[in-house]
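Fair warning: this is a prediction, and the values are worked out from it, not measured in the lab. Residue numbers start from 1 in every chain, and the chains themselves are labelled A, B, ... in the order their sequence lines are given, proteins ahead of strands.
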Amino acid sequence: MLIVLGIYTVVTKKNLIKTVIGLSLIDYGVNLLIVSVGFNAGGSAPIFTFNEIKPDTFFVDPVPQALTLTSIVIGACVTAMTLSLVIKIKDKYGTIDADKVRRLNG
Amino acid sequence: MIELIYAGVFYILLSIVLIYRVAKGPNVVDRAVASDSIDIMTSVALILFSLYSGRGIYLDIALIIALLGFIGTVLISRYLEGRL
Amino acid sequence: MANSIVILNTLVIIGILLCAFLTVYFENLLSSIIALSILGSFTALEFIMLHAPDVAIAEAAVGAVLSPVIFIVALRKVKGGERR
Amino acid sequence: MRIIVDIFLIFGCFFAFAGTVGIIRMPDSFCRMQSSTNIATLGTLGAVLGGAVYSFWSGNIGTGVKVLVIGMFIVLTNPIAGHAICKAAYKYGIRPDKKFVCDDYGRDIADGK
Amino acid sequence: MISMKKNIEVKNIIVKCAADKFTPVGLVLGLYIILHGHLSPGGGFQGGVLVASSVILIYLGYGNDTLKKTFNIEFLRKNEAVGAIAYSFFALVGIIFGANFCRNIFYKTGNIGDLYSSGTIFWMNFSVGYKVLTGVGFLILLMVGLLHSDSSSNH
Amino acid sequence: MIYLKKTEKLEKGGVCLKKTSLSAVISTFILCFVFYMLFTFAFNLEEILVGAVVSLIVAVFTAKFFIHDNPFYLFSTSRFGSLLRYVLLIFPKELLKANIDVAKRALNPSLPVKPGIVKVPSDLKSEYALSMLANSITLTPGTITMDIAEEDGKNYYYIHWIDVATTNSEKAGETIKGTLEKGIGGIWK
């Protein structure tokens with residue numbers, strides 16, 4: 001659902017910053033999907049602490065979480081880089097409307 | 001302690017009601033104020049869920065949201081004042 | 001017992017979807033950024049519900065601090081070209 | 001002991017409810033900010049004190065101390081945001097529907113410059 | 001409108017005092033999250049972002065001039081490379097002692113739950129935190145400085 | 001001895017930061033160490049050692065922002081006692097009264113509000129005292145500090161008030177500040 005909304009935003013909106021927001025939405029949706037794959041009901045967080053763990057607790061799967069951690073880092077960097085590209089486009093063409101930029105390109 | 005999770009449900013319900021103000025609010029200031037309140041209530045619900053689930057290490061996230069949630073609001077206000 | 005946790009989870013997911021819809025729906029870009037910041041806060045809460053505190057702490061730090069700062073600075077830079 | 005935690009939680013929930021109703025119903029932007037501080041102070045302090053009492057009672061002191069520190073941070077950081085957004089709202093040109101009863105700020109600062 | 005008072009001086013000290021109070025606390029919180037990366041949630045990236053947010057706090061409180069005097073931008077850019085070199089060095093220690101790349105060695109020291117109990121993971125966390133700290137600080141400083149220079153040249 | 005050599009004076013808006021002295025570093029160090037111990041809450045030797053190193057680094061870096069005047073100002077017993085008395089006794093009473101008042105106002109079907117901005121004089125001088133009183137006023141529901149201005153050597157608050165009773169600034173000051181200003185006057189002048 002979140003991914004569909006993000007793709008809708010990327011495809012239809014004209015403003016370039018709105019497009020970047022759509023990319024960020026897709027990022028959130030994919031992260032939620034990946035983490036919810038590794039979830040099993042009744043589990044606990046995969047971090048060992050001393051006095052809070054009872055003997056019969058079991059952990060959720062830690063591998064998707066590590067994957068998602070990398071994904072979040074890369075998502076933040078992609079957002080920063082894309083926004084700097086938008087700033088550069090504004091400097092060069094004087095507009096951030098996607099149609100006009102495309103028309104100037106030819 | 002089942003009451004902790006009931007209180008958490010209540011806080012989240014209130015913050016969903018506040019999203020109505022975010023959607024309808026006549027200008028940007030109302031949205032910023034409602035967003036600040038939603039941050040605070042999310043943090044409180046997180047404290048309650050952490051206490052219910054019995055892991056003290058979940059509290060760090062609430063600490064971060066409580067300590068740094070105001071930076072966004074101050075930044076938005078600077079933007080509105082026009083001297084960013 | 002587990003039922004109330006399910007209710008809490010459902011409410012948080014409803015909040016996430018409402019925030020995402022508002023983010024797409026707003027024409028004003030500043031309001032859209034505010035809704036995105038609320039979405040980050042709710043998503044951190046949802047990660048905690050899924051017992052992933054590492055991801056949640058990164059999400060809170062990025063969604064509460066880094067992303068609004070970068071978006072608002074970029075918005076300030078390109079403000080002449082936006083349609084109000 | 002369970003009764004005490006319940007009393008604190010109900011206290012916090014009531015004030016948060018009042019603040020939310022205030023934010024929804026108040027007529028203009030400045031009055032909505034007043035209700036926002038209502039949520040931040042007693043609405044959270046009730047829940048935080050209840051949680052701290054619960055965790056002290058169940059024996060882990062570090063968790064309770066951390067909960068109290070979180071409550072202190074919320075109480076300390078909220079008025080700064082409120083002040084900044086209120087000043088920005090006035091500078092941005094937002095005025096309520098009804099006139100203010102008296103408007104010293106507009107008389108001194110905004111017209112003086 | 002009887003008499004315009006000219007000698008009113010607006011002091012915005014509330015945000016400034018808040019920046020004063022919360023900069024040490026935010027720095028301590030970020031360093032705590034970096035150093036306890038193997039015991040509690042968190043680690044290099046998260047703590048680095050928190051430490052770098054103090055840059056924003058000082059900018060909000062004091063403005064651009066003090067920000068430029070406080071943080072040396074060349075220093076941050078060079079030390080990001082130092083962080084990357086430290087990370088690869090601690091990863092290469094695994095190869096030297098006959099294990100894989102990024103393999104944890106020396107994990108026998110200390111008790112479980114202590115601070116120094118995880119071998120090279122502690123030092124790798126620390127170097128990642130150093131790199132992210134300097135990198136994100138550099139990024140924020142660059143964007144804010146870009147904003148300021150351009151707005152002054154537009155006038 | 002280790003007087004740090006940051007003697008540059010940073011002029012910004014009439015505020016000049018003093019040079020970092022050793023006592024300022026020590027007092028910031030104590031605060032950072034207390035917060036580190038509150039975060040970890042484990043009293044090993046290693047934790048204390050690492051906490052000391054961390055807070056020393058942070059203290060050297062941020063002492064020139066944190067300390068405005070005399071560094072050991074808060075360490076006398078009367079001032080610390082009045083700080084505790086303010087936080088634990090005076091302020092919660094005002095908070096409770098104002099909260100019940102605003103909650104009644106919000107739940108009332110006819111919404112009795114009468115907003116306005118009043119100007120209130122204050123006797124406090126130092127920056128921390130001014131900002132602490134402003135934060136307290138903002139934190140009590142019903143009033144929000146909008147700005148602090150200085151006029152003829154005296155400080156004035158501009159306060160948005162939800163229910164304006166008097167437009168006279170002295171009486172409004174009595175009603176709003178009440179016992180808060182006396183409590184703060186014992187801590188910072």
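- For B:Ile64, the part lying under 4.5 angstrom from a heavy atom of chain C is the side chain only.
- Atom OG of residue C:Ser32 and atom CZ of residue B:Arg31 lie 10.0 Å apart, to the nearest 0.5 angstrom.
- With a 4.5 Å cut-off on non-hydrogen atoms, B:Ile65 touches chain C through its side chain but not through its backbone.
- In this structure, the portions of C:Leu8 lying under 4.5 Å from any heavy atom of chain B include both its backbone and its side chain.
- Remark: B:Asn27 CG to C:Leu30 CG distance equals 11.0 Å, nearest 0.5 Å.
- When each of B:Leu18, B:Asp36, B:Ile38 is tested with C:Ile38 by the rule side-chain contact (heavy atoms from CB on, under 4.5 Å), just one qualifies, namely B:Ile38.
- Taking chain C as the reference chain and counting heavy-atom pairs below 4.5 Å, the highest number among B:Ala62, B:Ala34, B:Ser35 is found for B:Ser35.
- If you tally non-hydrogen atom pairs under 4.5 Å between each of B:Leu63, B:Ile71, B:Val28 and chain C, the highest count goes to B:Val28.
- Of all the heavy atoms in C:Ser4 and B:Ile5, the pair that sits closest is OG-CG2, 3.2 Å.
- Once rounded to the nearest 0.5 Å, the distance linking CG of C:Leu45 with CZ of B:Phe49 reads 8.5 Å.
- The CG atom of C:Leu11 lies 6.0 Å from the CG atom of B:Leu13; values are rounded to the nearest 0.5 Å.
- Once rounded to the nearest 0.5 Å, the distance linking OG of C:Ser41 with CG of B:Asp39 reads 4.5 Å.
- Taking every heavy atom of both residues into account, B:Ser15 and C:Phe42 meet most closely at OG-CZ, 3.8 Å.
- Atom-to-atom distance recorded for C:Ile7:CD1 and B:Ile12:CD1 is 13.0 Å, nearest 0.5 angstrom.
- Contact record, B:Ile61 with C:Pro53: CD1-O, 4.1 Å, taken as the closest heavy-atom pair.
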